[in-house]
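What follows is a single structure, written as structure tokens, with notes after it.
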Amino acid sequence: TCALPIFTSTAPSSAIVGGATYNVAATGGASGNAVNITIDGTSALVCTISGATVSFIGSGTCLIDANQAGNANYNAAPQMQQSFAVGKADQAITFTSTAPSAATVGGATYNVTATGGASGNPVNITIDGTSSSVRAISGSTVSFIGVGTCLIDANQAGDANYNAAPQAQQSFGVSAAPISVLVFTSEPSSLLAGDTTAATVSVEDGIGNIATSDNTTRITVSASTCGGAILQTVRVVGGVATFPELRFYTVACSVSLLAT
């Protein structure tokens, strides 16, 4: 006679790759021989077993075989099998670089880094479409080209065993570059002593953008050579100071203008 092995453990209903292990157990017939529990060869890429502990290494169907040998009085038991599905595991993306707290247009770049899940697929870091006018990226280096919110997207594809990771985002503000330079945008070339001429000076940031919102700064133009004298002081309008009547009296002198 023979008795069928019986699985006394309940197959998991939500097994996933790399997830919680499963402790499998089965009883056999009266021969007293041990029930030998193994992974069916068709599931070698899905699950493994060590002792009674089943681990999940790939998505698919995990098929467990239970066999019991016979003896002089009992026939070998027919093989019993336990089968269940193993699903893909989820992945998550984590930014490993800290977003800058004081990013400015034209200022220091930011090296962005992120890690993903166990698929081993690369984490693809891109500029969100809503921020295309605020920043640019080359490789992992983020540059700041405009004022606004900088939004960085990170994505990782899945594979046969892992789901695609949900998109992760990193967001921070980019402010206007500090006013750093005064630039002569027009200036006299040569003129006769006593003649008047005009000049303009713009207030610009570090990358050449005129501070068009500036209507308060006062700029003085002086002659730093030929005796040195303050020529005129005016208030900027839209980031530009206009000096309509600069007059020079010294004959045959090369004049250097200074804006402060």
Side-chain angles (χ1 to χ4, degrees), residues 12-23 43-48 50 53-62 84-181 203-214 239:
S13 59
S14 55
I16 60 171
V17 175
T21 57
Y22 163 48
N23 194 50
S43 296
L45 299 179
V46 177
C47 48
T48 61
S50 176
T53 302
V54 179
S55 301
F56 309 116
I57 59 173
S59 63
T61 299
C62 180
F84 54 90
V86 178
K88 293 183 179 183
D90 292 330
Q91 299 186 103
I93 297 171
T94 302
F95 281 97
T96 53
S97 56
T98 302
S101 58
T104 59
V105 176
T109 57
Y110 164 48
N111 191 51
V112 60
T113 56
T115 59
S119 70
N121 289 328
V123 176
N124 186 30
I125 300 176
T126 57
I127 298 170
D128 191 83
T130 61
S131 295
S132 59
S133 63
V134 176
R135 65 184 175 85
I137 191 169
S138 176
S140 61
T141 302
V142 180
S143 303
F144 308 115
I145 59 176
V147 174
T149 298
C150 180
L151 187 60
I152 299 174
D153 298 336
N155 295 277
Q156 184 185 31
D159 60 14
N161 296 320
Y162 294 90
N163 294 314
Q167 184 182 77
Q169 292 183 312
Q170 189 178 67
S171 176
F172 53 91
V174 179
S175 59
I179 295 170
S180 58
V181 290
V203 181
E204 299 181 2
D205 62 22
I207 58 173
N209 296 312
I210 296 177
T212 56
S213 62
D214 187 353

| remark: side chain to side chain contact (heavy atoms under 4.5 Å, CB included) filter on N163, not counting sequence neighbours, yields K88, D90

| remark: Sequence neighbours excluded, the answer for ring pair (Phe, Tyr, Trp, His ring centres under 6.0 Å) partners of Y162 is none

| field | Under 3.5 Å: donor-acceptor pair, side chain of Q91, backbone of S119 | value | yes

| said: Tell me every residue that passes side-chain hydrogen bond (donor to acceptor under 3.5 Å, both in side chains) with S97, counting only those two or more places apart in sequence or in another chain. | reply: Y110

| task | For residues C47 and F56, report the shortest heavy-atom separation together with the two atoms involved. | result | CB-CD2, 4.0 Å

| Nearest heavy-atom pair of A92 and A165: which atoms, and what distance? | N-CB, 4.2 Å

| message | Measuring only between side-chain heavy atoms, which start at C-beta, is C62 closer than 4.5 Å to Y22? | response | no

| said: I'd like to check the ring pair (Phe, Tyr, Trp, His ring centres under 6.0 Å) partners of F95; sequence neighbours left out, ordered by chain and number. | reply: none

| field | Contacts of type disulfide (SG to SG under 2.5 Å), residue C150, not counting sequence neighbours | value | none

| field | Set of side-chain hydrogen bond (donor to acceptor under 3.5 Å, both in side chains) partners for T53, sequence neighbours left out | value | none

| If you measure from CG on N111 to OG on S140, what distance do you get to the nearest 0.5 Å? | 3.5 Å

| request: Compare every heavy atom of A15 with every heavy atom of A85, then report the nearest pair and how far apart it is. | output: O-CB, 3.8 Å

| Could you state the interatomic distance from CG (N161) to CD1 (I57), rounded to the nearest 0.5 Å? | 8.5 Å

| query | Are any of the side-chain heavy atoms of T149 and S171 separated by less than 4.5 Å? | reply | yes

| task | Applying side chain to side chain contact (heavy atoms under 4.5 Å, CB included), name anything that partners T115, two or more places apart in sequence or on another chain. | result | T94, T96

| request: Could you tell me which residues satisfy side chain to side chain contact (heavy atoms under 4.5 Å, CB included) with S143, sequence neighbours excluded, listed by chain and number? | output: T109

| Within-4.5 Å side-chain heavy-atom neighbours: I152 and I137 | no

| By side chain to side chain contact (heavy atoms under 4.5 Å, CB included), which residues pair with Q167, not counting sequence neighbours? | D153, N155, Q169

| What do the steps show when you test V147 against V174 for side-chain contact (heavy atoms from CB on, under 4.5 Å), and what is the final call? | CA-CA 5 Å; V147 174; V174 179; 5.7 Å; no

| task | Tell me, please, which residues at least two apart from N23 pass side-chain hydrogen bond (donor to acceptor under 3.5 Å, both in side chains). | result | none

